[in-house]
Every structure is written in structure tokens, then in C-alpha cells.
Amino acid sequence: MLSTFYDEMSPYYHLIFEDWDAMIEHQAKIIKGIIDREWGMDHLSIVDVSCGIGTQAIGLAQLGYEVEASDLSSQAIKRARQEAEKRNIKIKFSVADMRYSFQHHQKQFDLLISCDNSIPHLLSDTDILAAFKEFHDCIKPGGGCIITIRDYAKENCKGIQFKPYGLRIVDDTKYIIFQIWEFEADIYDLSMYFIIEREHLRIETKVFRSQYYAISISKIIKLLQMAGFIAVKQIESEFYQPIIIGKKTL
């Protein structure tokens, strides 16, 4: 199950980034720049429907936005809540499936975000379209959504692929991190490896498994349009993944 993948990985998720705190600040600044340019300064309420351990939600709250955040993983939400409390940040966190975003939150926000390639965990166009319709219902007229996904057109989406993330050192512990992708058509099995070397050469390996849909950016744009979004486009930015935005008719 997807929730199990993130439940088990939540203590280690920050290690995907070389400096998670710096990435929180960096990503928030990029997203704020897009919000200011596309919607203006008066859009202050944001819902993050795939918040994980809080990377974007915390950064945006630190910049003064009113943020609510949800995720399918209860353990990721638990950690996100702890990380926000450590930083004296107020965010309303809850557990929810993004396919039922409006049913869960039961209110509308100026903006909705879903980052870190969360959408392709939905393994069919039908599920993604259903999620996008819920996203649309979650947004006030004149607002919009910001989505980041991997650009699969730049990946070799066949056979078995090795994706290194590098070495992280925390205190006296080393983490070697990599992914293995195994494709069958557009769906691939992902195994996330953390090889942990503690002091005295004690080695431990953790493997977390999930599935993704290698969906194209053009299809994401089409499905957003089918869900009712207008002015859907890809944004060029310094974000580590492509950004796609859509707006709701005023």
C-alpha cells in the first residue's frame, strides 16, 4: 500500500535532499514567486494535499501563508506536525487521500499544491482526473493549483533503471541512497534503498517499495483541463521538478 511506503520512509525522507532545511526555504521562495506573478499578493490560503513530512507546507507557512495540509500517510503527517512544532509554525494537518480532497477538507482555498511527484502514485488517468476534479472543487474562483512532477520524457522508461541519490552523513552515520525502477509499460515498481552504516561498521539496509505511473506532462495538462482548469501551463523555474499550474475561472 502507498500509505505503508511513506509510513515506513517518513523517518528518512528528509535525507532525499542534501540539506532539507535549505530545500524547505528554497522551494517556498520559488512557489511564492509563482504565486505573486500568477495570482497576486492577496492569495493567502493554501492547501497542500500531498504534504508528506511538510517540505512545502512548512516553508510556505514560514512566509506567512495560511496553510492546511493533508497526506495519505499517517506517519508522515505525524512527523510533519512535529517538524512544524519545532519551528513554531502553525499548520492544520490531517490524514486524507488526495482523490477525496474536497470531501475531506470541505472548504475552498485560494491555492492548492501537490509537489514531489505525488500525482503519479495514482496509477490511471481515471484516478488522476478524479483527483483533479476534487482539486478544482477545493479552490476558490480565481484561484488555482500548483503541481510538480517528474518529467518522464527525459527518463529511460524501459526495463530496470538505477537512480542514485548519493551519500548523506549525519553525525557518525552514513546513508547511501538509491532507487531501482522496474518498468512494465507505463507503470513501474520503485524500490527505495537506504544503506545505513553506523559507527563500528554496523551495516543496515532498508528498502521501501511503491508504484508510479510514468505519465507525461502533456497528459497532466490535458487532465487538468478536463477537470475544469483554465490557463494550464508548465512554468520554467529553479524548482527541482517541472511545475504545472492551472487556474479556476473567476
Side-chain angles (χ1 to χ4, degrees), residues 2 27 30-52 56-57 60 65 67-72 96-155 157 185-188 211-250:
L2 177 58
Q27 291 189 15
I30 293 172
I31 295 171
K32 182 183 185 302
I34 294 170
I35 293 170
D36 291 347
R37 184 170 65 250
E38 298 290 337
W39 288 279
M41 296 292 292
D42 56 336
H43 288 80
L44 299 177
S45 66
I46 298 175
V47 61
D48 184 343
V49 296
S50 54
C51 70
Q56 295 82 30
L60 291 167
Y65 292 100
V67 180
E68 291 192 24
S70 56
D71 195 274
L72 188 65
D97 186 324
M98 70 168 72
R99 292 173 296 178
Y100 310 107
S101 301
F102 182 68
Q103 295 180 48
H104 173 74
H105 289 282
Q106 286 292 306
K107 61 186 289 190
Q108 291 185 321
F109 302 82
D110 294 313
L111 296 165
L112 177 147
I113 66 170
S114 177
C115 300
D116 294 337
N117 206 45
S118 298
I119 299 298
H121 276 302
L122 303 178
L123 301 181
S124 70
D125 294 350
T126 300
D127 271 354
I128 293 174
L129 179 58
F132 286 171
K133 288 179 178 178
E134 289 278 315
F135 291 6
H136 193 267
D137 288 343
C138 270
I139 299 167
K140 297 176 184 177
C145 69
I146 298 174
I147 293 168
T148 82
I149 67 164
R150 188 185 295 272
D151 187 354
Y152 287 105
K154 296 181 178 179
E155 303 288 350
C157 295
D186 290 333
I187 306 298
Y188 65 99
Q211 286 187 308
Y212 282 90
Y213 170 17
I215 187 171
S216 67
I217 289 174
S218 61
K219 184 166 281 189
I220 287 285
I221 289 173
K222 180 180 179 181
L223 291 171
L224 283 167
Q225 292 168 335
M226 291 173 64
F229 287 97
I230 63 170
V232 182
K233 62 183 178 180
Q234 183 177 349
I235 297 287
E236 296 297 328
S237 76
E238 295 179 359
F239 206 89
Y240 80 105
Q241 291 179 339
I243 293 179
I244 302 165
I245 70 164
K247 298 182 178 181
K248 185 169 181 176
T249 304
L250 184 62

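What you are looking at is a predicted structure, and each value in this text was computed from that prediction instead of being measured. All values below come from the heavy atoms of this structure, side chains included, with hydrogens, waters and symmetry mates left out. Nothing fancy with the numbering, it's 1 onward along the sequence.
With sequence neighbours left out, the side-chain contact (heavy atoms from CB on, under 4.5 Å) criterion links Thr148 to Cys115, Phe239, Gln241, Ile243. A search for ring-ring contact (aromatic ring centres under 6.0 Å, His included) contacts involving His136 returns Phe229, not counting sequence neighbours. Every side-chain hydrogen bond (donor to acceptor under 3.5 Å, both in side chains) that Gln56 has, sequence neighbours left out, goes to Gln27, Asp116. Judged as a salt bridge (Lys or Arg N to Asp or Glu O under 4.0 Å), and not counting sequence neighbours, Lys133 has no contacts. Contacts of Asp110 classified as salt bridge (Lys or Arg N to Asp or Glu O under 4.0 Å), with partners at least two apart in sequence or in another chain: Lys140. Residues passing the ring-ring contact (aromatic ring centres under 6.0 Å, His included) test with Tyr212, sequence neighbours excluded: His121, Tyr188. Residues satisfying the salt bridge (Lys or Arg N to Asp or Glu O under 4.0 Å) test with Lys222, not counting sequence neighbours, are none. Remark: Gln103 pairs with Glu134 by the side-chain hydrogen bond (donor to acceptor under 3.5 Å, both in side chains) rule, at least two apart or across chains. Checked against side-chain hydrogen bond (donor to acceptor under 3.5 Å, both in side chains), Tyr100 has no partners two or more places apart in sequence or in another chain. With sequence neighbours left out, Asp186 forms a salt bridge (Lys or Arg N to Asp or Glu O under 4.0 Å) with no residue at all.
Ser70 and His105 share a donor-acceptor pair across their side chains, judged by distance under 3.5 Å alone.
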Would you list the atom pairs, donor with acceptor, under 3.5 Å between side chains in residues 125-132 and any protein atom, with sequence neighbours excluded?
residue: Asp125; atom: OD1; partner: Tyr213; partner atom: OH; Å: 2.7
residue: Asp125; atom: OD2; partner: Lys219; partner atom: NZ; Å: 3.2
residue: Asp127; atom: OD2; partner: Arg99; partner atom: NH1; Å: 3.3

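In this structure the side chain of Ile217 never reaches within 4.5 angstrom of the side chain of Tyr152, judged on heavy atoms. Within the 4.5 Å cutoff, the side chain of Leu60 has no heavy atoms near those of the Asp48 side chain. Using a 4.5 Å heavy-atom cutoff, the side chains of Pro120 and Arg150 are not in contact. Counting only heavy atoms from C-beta outward, the side chains of Ile147 and Leu224 approach each other to under 4.5 Å. For the pair Cys145/Lys248, no side-chain contact is recorded, criterion being any heavy-atom separation below 4.5 Å from C-beta on.
Separation of atoms CG (Leu112) and CD1 (Ile245) is listed at 13.0 Å; rounding is to 0.5 Å. Atom CG of Asp137 sits about 10.0 Å away from atom CD of Gln106, to the nearest 0.5 Å. Separation of atoms CZ (Phe109) and CZ (Phe102) is listed at 9.5 Å; rounding is to 0.5 Å. In this structure, CG in Leu123 is found 10.5 Å from CD1 in Ile215, a value given to the nearest 0.5 Å. Rounded to the nearest 0.5 angstrom, Ile146 CD1 and Ile31 CD1 are separated by 6.0 Å. Going from atom SG of Cys51 over to atom CD1 of Ile113 covers 9.0 Å, rounded to the nearest 0.5 Å.
Applying the side chain to side chain donor-acceptor pair (under 3.5 Å) definition to pairs two or more places apart or across chains, those involving residues 226-238 are Glu38-Lys233.
For the pair Ser101 and Val49, the tightest heavy-atom approach, listed with the atom from each and the gap, is OG-CG1, 3.6 Å. Shown here for Trp39 and Ile34, the closest heavy-atom pair between the two residues is CE3-O, 4.1 Å. Summarising the geometry of Ile139 relative to Gln108, their closest heavy-atom pair is O-NE2, 3.2 Å, with the distance given to 0.1 Å.
Under a 3.5 Å cut-off, the side chain of Lys247 and the backbone N or O of Ala231 do not form any donor-acceptor pair.
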